[in-house]
Amino acid sequence: LAEDGSLCDPSQVGALVQKAIVCEEDFAERLDCEIFMGGTNGLEVEDLWKALTELLMDLPSYKKQFPDLSLPLINIRMANGPYAFARLANPRLASTAVVIGE
C-alpha cells in the first residue's frame with residue numbers, strides 16, 4: 001500500500017505502465033510466433049517436437065537465416081482435442097511452418 005492508502009504508489013505508475021506495455025508487446029509477439037497443428041490425435045508431444053524441429057532445421061535456409069539459433073521451437077501445447085499449438089522462436093519461422101503445412 002502507498003502512503004495515501006491506495007494500492008499503487010503514484011511514483012511507481014510510470015514503471016507499471018511500462019511493464020504493461022512490455023507484456024502486451026510480448027503477448028503480441030507470442031501470437032505471431034504460434035502456429036496451429038491439427039490432426040494430432042494419438043501423437044505425443046515429443047514426437048511433434050522432434051518432427052517439427054527436424055523439418056525446420058533441415059531447410060537449407062534455416063542455417064543461413066538463423067546461424068545462432070540452436071532450436072526453432074519454444075514450446076508445444078497439446079489441446080484436449082485433435083490439435084496442438086507450437087510456439088516457434090520467431091515470426092518468420094512460424095510463417096514458414098504454416099506455408100509448409102498447407
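All values below were derived from every heavy atom in this structure, side-chain atoms included, with hydrogens, water molecules and symmetry-related copies excluded.
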Between Leu43 and Met78, the two heavy atoms sitting closest are O-CE, 3.5 Å
Sub-4.5 Å side-chain heavy-atom contact between Leu73 and Leu88
yes
Sequence neighbours excluded, the answer for side-chain contact (heavy atoms from CB on, under 4.5 Å) partners of Phe85 is Glu34, Phe36, Arg77, Tyr83
Between side-chain atoms of residues 44-72 and protein atoms elsewhere (two or more places apart, or another chain), which donor-acceptor pairs fall under 3.5 Å?
residue	atom	partner	partner atom	Å
Thr53	OG1	Trp49	O	2.7
Tyr62	OH	Leu69	O	3.2
Gln65	OE1	Arg92	NH1	2.7

So CD1 of Ile76 and CD1 of Ile35: to nearest 0.5 Å the spacing works out to 8.0 Å
